[in-house]
Amino acid sequence: MAAPACLWLAFGFSPEEAAGEPGPGPGPWRLEAGPEGISRVWPAWSYVVVETGAGLEVRSAGLRRRLPGWAEALPSETHLVLRGAAAAGAWRREAALGAALQGEPAWSRPLPPEPPWRRPLPLLPGGFATPRPPFFTALPAGVRARRLVLGTEHALALGAAGEVFSWGGGRHGQLGHEQLEAERQPRLVEALAGVPMRAVAAGGWHSASVSEAGDLYMWGWNESGQLALPSKALAEERARDEDKGAGSTELMPCQEQLAAQDAAFISIQAFPALLDLPQDLEVSAVSCGSRHTAAVTRGGELYTWGWGKYGQLGHGNNTSCDQARRVEHLVAEGLRVEEVVCGPWTTYVRVREH
């Protein structure tokens, strides 16, 4: 009996839209896999790198080009970092999307031989890579990271024992240290001490982690509801829509109610807070976009929340949401979600037919 088919779907802002061309709509749309299939994806804003059975391939509007000899990618809108068996290097985006990787890279670093279970990018021996200068930063000897993720201004590291470290910009509370100060070096997130974590994720200015028990913790900026906490900006948007629908020209009843509810809104959550999903569902994976979040439950369902202007939440509309909502389209199609990877304004999911 053949195994159920596995494929990647995407919804949100597309490479075609980034190039000024018509996009596929809110989605989801299917990533063309070919006979080799797709095992991993690394999205940037205007392009995506995928891993097929034949190696890495970079895709943007009207372009599909192989990247032979490379095993992992770390893309951005300025540079693309690639890692191979013996070296890592960074090329300007224009060179990466050109006919071939020609000329000298903007940065390169030889790598010692490593075992097959080597830690994934951006981790490198002795430190980590970034897709912008200075391209490599050393990690203190005391931080034994098995996973590292990068936000716009901050970074999170998952330690060998499940501890979480954070550093970088902190003005939106994304470091989780109960303050808004920056940290130059990795600092233990004390609020999570004693709770072993299995996964971490960093968005534009917010963060998430998943415990070994399947609990989801969120912290940082909540301007678009990306923490699934009450957002004043979204409430004001809903109030304006309701007042317009009621034809109000003098009194603004919905907006008057907001003034009395200010204390209930959360703009910044500067320490990790446990997020309760419906039915106390346990989480297996989480990923963060610029201002949205997506989580996979252990039952294979996808929940999303936050900024939804480009349909990146997968609910068939462009509405933002400050509550975790199940993506019903995947359920209706009988698809089990195995992995989620958020780009800045896009969500990629690996699904399998039940």
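Note that the coordinates shown come from a computational prediction; the quantities given were computed from them, not determined experimentally.
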Q: For residues Leu101 and Leu82, determine if any side-chain heavy atom of one lies less than 4.5 Å from a side-chain heavy atom of the other.
A: yes
(Q) For the OG1 atom of Thr78 and the CZ atom of Arg92, what is their distance to the nearest 0.5 Å? (A) 6.5 Å
**Q.** Test of ring centre spacing under 6.0 Å for Trp45 and Phe13
**A.** yes
Q: Determine, step by step, whether Tyr303 and Val327 satisfy the side chain to side chain contact (heavy atoms under 4.5 Å, CB included) criterion, reporting the C-alpha distance in whole Å, the side-chain angles of both residues, the deciding distance to 0.1 Å, and the verdict.
A: CA-CA 6 Å; Tyr303 282 76; Val327 178; over 6 Å; no
Q.
A side-chain contact here means heavy atoms from C-beta on lying under 4.5 Å apart; do Leu229 and Gln269 qualify?
A. yes
**Q.** Pairing residues for Trp221 by the ring-ring contact (aromatic ring centres under 6.0 Å, His included) criterion, not counting sequence neighbours
**A.** His172, Trp205
Q: Keeping the roles fixed (side chain from Ser39, backbone from Thr52), state whether a donor-acceptor pair exists under 3.5 Å.
A: no
Q. Hey, would you say the Phe135 and His79 ring centroids sit under 6.0 Å apart?
A. yes
**Q.** salt bridge (Lys or Arg N to Asp or Glu O under 4.0 Å) between Arg238 and Asp322, worked out
**A.** CA-CA 11 Å; Arg238 289 191 294 266; Asp322 57 8; 3.7 Å; yes
Q: Taking all non-hydrogen atoms of both residues into account, name the closest pair between Ala10 and Leu31 and its distance.
A: CB-CD1, 3.8 Å
**Q.** 4.5 Å side-chain heavy-atom contact, Val337 and Arg350
**A.** no
List, one per line, each side-chain donor-acceptor pair under 3.5 Å for residues 188-196, sequence neighbours excluded.
none

(Q) Do Asp215 and Ser209 have side chains that approach each other closer than 4.5 Å (heavy atoms only, starting at C-beta)? (A) no
Q | His154: partners by ring-ring contact (aromatic ring centres under 6.0 Å, His included), with sequence neighbours left out | A | none
Q) Taking only residues two or more places apart in sequence, or in another chain, which ones meet Trp307 in a ring-ring contact (aromatic ring centres under 6.0 Å, His included)? A) Tyr310, Trp345
Q | Interatomic spacing from CG in Leu234 to OG1 in Thr319 - rounded to 0.5 Å | A | 10.0 Å
Q) Taking the side chain as C-beta and beyond, is there a heavy-atom pair between Pro75 and Leu80 under 4.5 Å? A) yes
Q) Taking all atoms of both residues into account, what is the closest heavy-atom pair of Cys321 and Arg325, and its distance? A) SG-CD, 3.6 Å
Q) If we only count heavy atoms from C-beta on, is the Val286 to Val200 side-chain gap below 4.5 Å? A) no
Q: Tell me, please, which residues at least two apart from Glu212 pass salt bridge (Lys or Arg N to Asp or Glu O under 4.0 Å).
A: none
Q.
With a 3.5 Å distance limit and no angle check, can you tell me whether Thr346 reaches the backbone of Gly12 through a side-chain donor-acceptor pair?
A. no
Q | Side chain to side chain, Val349 and Phe11, heavy atoms closer than 4.5 Å | A | yes
Q. Would you say Gln174's side chain and Gly169's backbone share a donor-acceptor pair under 3.5 angstrom?
A. yes
Q) Which heavy-atom pair separates Leu123 from Arg83 by the least distance, and what is that distance? A) O-NH1, 2.9 Å
Q. Is Leu56 linked to Leu97 within one hydrophobic cluster, defined over Ile, Leu, Val, Met, Phe, Trp and Tyr using a side-chain heavy-atom separation of less than 4.5 Å?
A. yes
(Q) Under the rule for side-chain contact (heavy atoms from CB on, under 4.5 Å), what residues qualify as partners of Ala294, not counting sequence neighbours? (A) Leu302, Thr304, Val340, Cys342, Thr347
Q.
Once salt bridge (Lys or Arg N to Asp or Glu O under 4.0 Å) is applied, do any residues pair with Glu104, and if so which ones, sequence neighbours excluded?
A. none
(Q) According to ring-ring contact (aromatic ring centres under 6.0 Å, His included), who are the partners of Trp70, at least two apart in sequence or on a separate chain? (A) Trp91
Q: Go through Leu121 and Phe128 one step at a time and tell me if the side chain to side chain contact (heavy atoms under 4.5 Å, CB included) criterion holds.
A: CA-CA 7 Å; Leu121 276 177; Phe128 63 97; over 6 Å; no
Q | Side chain Trp8, main chain Ile38, donor-acceptor under 3.5 Å | A | yes
Q | Nearest non-hydrogen partners of Ala61 and Glu21, listed with the distance | A | CB-OE1, 4.1 Å
Q.
If we ignore hydrogens and angles and just use 3.5 Å, is the side chain of Arg65 paired with the main-chain N or O of Gly98 as donor and acceptor?
A. yes
Q: To the nearest 0.5 Å, tell me how far Arg291 CZ sits from Asn222 CG.
A: 11.5 Å
Q | Electrostatic pair Arg336:Glu301 at N-O distance under 4.0 angstrom | A | no
Q. Are any side-chain N or O atoms of Trp219 and backbone N or O atoms of Ala270, one a donor and one an acceptor, separated by less than 3.5 Å?
A. no
Q. Can you tell me if Gln179 uses its side chain to pair, donor with acceptor, with the backbone of Glu181 under 3.5 Å?
A. no
Q: List the atom of Leu9, the atom of Pro28, and the distance in Å for their closest heavy-atom pair.
A: CB-CB, 4.1 Å
Q | Gap separating the CG atom of Leu175 from the CZ atom of Phe165, nearest 0.5 angstrom | A | 13.5 Å
Q: Go through the structure and list residues passing side-chain contact (heavy atoms from CB on, under 4.5 Å) with Ala85, not counting sequence neighbours.
A: none
Q: Please round to the nearest 0.5 Å and tell me the distance separating atom CD of Glu223 and atom OG of Ser231.
A: 6.5 Å
Q) Got a sec, which pairs hit ring pair (Phe, Tyr, Trp, His ring centres under 6.0 Å) with one end in residues 174-194, sequence neighbours left out? A) none
Q. Donor-acceptor pair, Glu236 side chain versus Ala233 backbone, under 3.5 Å?
A. no
Q: Measure the spacing between CD of Glu36 and CD of Glu51 and express it to the nearest 0.5 Å.
A: 11.5 Å
Q) Does the pair His206 and Thr293 meet the rule for a side chain to side chain donor-acceptor pair (under 3.5 Å), with working shown? A) CA-CA 9 Å; His206 70 293; Thr293 307; 2.9 Å; yes
Q | Side chains of Val81 and Trp107 in contact at under 4.5 Å (non-hydrogen atoms) | A | yes
Q.
When you measure from the side chain of Ser211 to the backbone of Ala213, do you find a donor-acceptor pair of N or O atoms at a distance under 3.5 Å?
A. yes
Q | Considering all heavy atoms, the nearest Pro105-Ala90 contact | A | CB-O, 3.3 Å
Q) Among Val143, Leu156, Leu139, which residue meets the side-chain contact (heavy atoms from CB on, under 4.5 Å) test with Trp167? A) Leu139
Q: Any chance you could lay out the side chain to side chain donor-acceptor pair (under 3.5 Å) test for Ser46 and Arg93, step after step, and finish with the verdict?
A: CA-CA 10 Å; Ser46 66; Arg93 174 188 175 278; 3.0 Å; yes
Q: Keeping to residues at least two apart or across chains, list the salt bridge (charged side-chain N to carboxylate O under 4.0 Å, His left out) pairs with something in residues 130-143.
A: none
(Q) With a 3.5 Å distance limit and no angle check, can you tell me whether Glu163 reaches the backbone of Ala161 through a side-chain donor-acceptor pair? (A) yes
Q. Is there a path from Leu274 to Leu158 through hydrophobic residues (I, L, V, M, F, W, Y) whose side chains come within less than 4.5 Å of each other?
A. yes
Q. Excluding sequence neighbours, so at least two apart, what forms side-chain contact (heavy atoms from CB on, under 4.5 Å) with Glu57?
A. Val50, Arg59, Arg64, Arg66
